[in-house]
Structures are given as structure tokens and as C-alpha cells.
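Read the structure below first, then the notes.
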Amino acid sequence: VQLQASGGALVQAGGFLSLSCAISGRFSNNAMGWFRQALGKGREFVASIGWNGGTARYRDSVQGRFTISRDRSKNTIYLQMNDLKPEDTALYYCAGSRQAAAVSLDTITAWGQGTLVTVSS
């Protein structure tokens, strides 16, 4: 297993969660990202981080609420989600890019299994 995501749960609106994704050594020098897919919708970009922990990017709707980080010593990436909203409800996927800094649906070469985040109103 190259990517193993965990941390999804049911929380109330305004609450917080932290997702983790254990990554294999194959992606130690690659950018990593989080995507999400709500029921009946397409998969969308949430956040990404470069190979060295820099170049963090976020979709507009989570900017200021979510923080992506990376611990290279533990081969793990994280997504800290604060002030959660019902519209954040989705399956969250971690993903590995073929590039060192850029992440998009076009650059992803591996997906982890989804972890379900449900935000109740």
C-alpha cells in the first residue's frame, strides 16, 4: 500500500478533525495532495504541499480553515481541518503527484483509499 489515509469521522459544524496519510518512500521527493469527493459530485482538489513541505496551496473555500503539513521523518502528510462546515462532508483522498511541487488531477499517479468526513449541521 503506497498511501494510507485515516482520521475521518462524524463531527458537528464548527468542529475540527485532523487527517493523516502515511506515504511510501516512493513519494518522499514528490508533491502530495488532498482531494475530496462528495456524494454525487466529482473529485476536487483541496490542498497540496511540495516535496520539502513548502508550496502549500488550497482551494478557496478551505483557505484559512484547513492546513496541510508534511513530516518527512515520518513519511506522513496531514490535513488539519478547523471550523468544519456541512459542505465539507465528503470522502477525502490523499494523493501522490509525479512532480516535486505541483499537484492537480493531471499529475496524480497514486491514490489512497478515502476516509469519510461527515459534518452535521
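One-based numbering along the sequence shown.
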Original post:
Looking at side-chain heavy atoms only, is the closest gap between Ile77 and Cys94 below 4.5 Å?
Top reply: yes
Original post:
What's the spacing between Gln4 CD and Ser24 OG if we round to 0.5 Å?
Top reply: 11.5 Å
Original post:
Is a side-chain N or O of Thr89 found less than 3.5 angstrom from the main chain of Glu87, in a donor-acceptor match?
Top reply: no
**OP:** Could you pull out the closest heavy-atom pair between Thr115 and Ala5, with the gap in Å?
**Re:** CG2-CB, 4.3 Å
Original post:
Do Arg43 and Tyr93 meet the cation-pi criteria used here (NZ or CZ under 6.0 Å from the six-membered ring centre, within 45° of the axis)?
Top reply: yes
**OP:** Starting at CG of Asn52, measure out to CG of Asn29 and round the result to the nearest 0.5 Å.
**Re:** 9.5 Å
**OP:** For residues Asp88 and Arg36, determine if any side-chain heavy atom of one lies less than 4.5 Å from a side-chain heavy atom of the other.
**Re:** yes
Original post:
Would you say the side chain of Gln113 lies within less than 4.5 Å of the side chain of Leu91, judging by non-hydrogen atoms?
Top reply: no
Original post:
Roughly how far apart are Asn82 CG and Arg65 CZ, rounded to 0.5 Å?
Top reply: 9.0 Å
Original post:
Taking side chain as C-beta onward, heavy atoms only, is Phe16 less than 4.5 Å from Asp83?
Top reply: no
**OP:** Give, for atom NZ of Lys85 and atom OG of Ser121, the distance between the pair rounded to the nearest 0.5 Å.
**Re:** 12.5 Å
Original post:
Is a side-chain donor-acceptor pair under 3.5 Å present for Ser104 with Asp106?
Top reply: no
Original post:
Is NZ or CZ of Arg59 both nearer than 6.0 Å to the six-membered ring centre of Phe66 and within 45° of the ring axis?
Top reply: no
Original post:
Is it true that a side-chain atom of Ser97 and a backbone atom of Ala102 form a donor plus acceptor pair closer than 3.5 Å?
Top reply: yes
Subject >> Gap separating the CH2 atom of Trp34 from the CE atom of Met81, nearest 0.5 angstrom >> reply: 8.0 Å
**OP:** Say whether, by atom type as modelled, one donor and one acceptor occur between the side chain of Arg72 and the main chain of Ser28 under 3.5 angstrom.
**Re:** yes
Original post:
Any donor and acceptor pair, going by atom type alone, linking the side chain of Tyr58 with main-chain N or O of Ile68 inside 3.5 Å?
Top reply: yes
Subject >> Thr118 and Val11: CA distance, side-chain angles, deciding distance, side-chain contact (heavy atoms from CB on, under 4.5 Å) verdict >> reply: CA-CA 6 Å; Thr118 304; Val11 296; over 6 Å; no
Subject >> Straight-line distance of Ile49 CD1 to Met32 CE, nearest 0.5 Å >> reply: 10.0 Å
Subject >> Heavy-atom closest pair, residues Thr76 and Ser20 >> reply: CG2-CB, 4.3 Å
Subject >> Side chain Gln37, main chain Lys41, donor-acceptor under 3.5 Å >> reply: yes
Subject >> Heavy-atom pair of closest approach, residues Val103 and Gly33 >> reply: CG1-CA, 4.2 Å
Subject >> Pairwise side-chain contact, Trp51 with Asn30, heavy-atom cut-off 4.5 Å (strictly under) >> reply: no
Original post:
Hey, do the aromatic rings of Trp111 and Phe35 have their centres closer than 6.0 Å?
Top reply: yes
**OP:** Measure the shortest side-chain to side-chain distance between Val117 and Leu19 over non-hydrogen atoms and say whether it is less than 4.5 angstrom.
**Re:** yes
Original post:
Is there a side-chain contact between Phe27 and Thr109, using heavy atoms and a 4.5 Å cut-off?
Top reply: yes
Original post:
Which heavy-atom pair separates Ala110 from Gln2 by the least distance, and what is that distance?
Top reply: CB-NE2, 4.3 Å
Original post:
Going by heavy atoms in the side chains, are Val46 and Leu79 under 4.5 Å from each other?
Top reply: yes
Original post:
Linking I/L/V/M/F/W/Y whenever their side-chain heavy atoms sit closer than 4.5 Å, directly or via other members, would Tyr92 and Leu17 fall into one cluster?
Top reply: yes
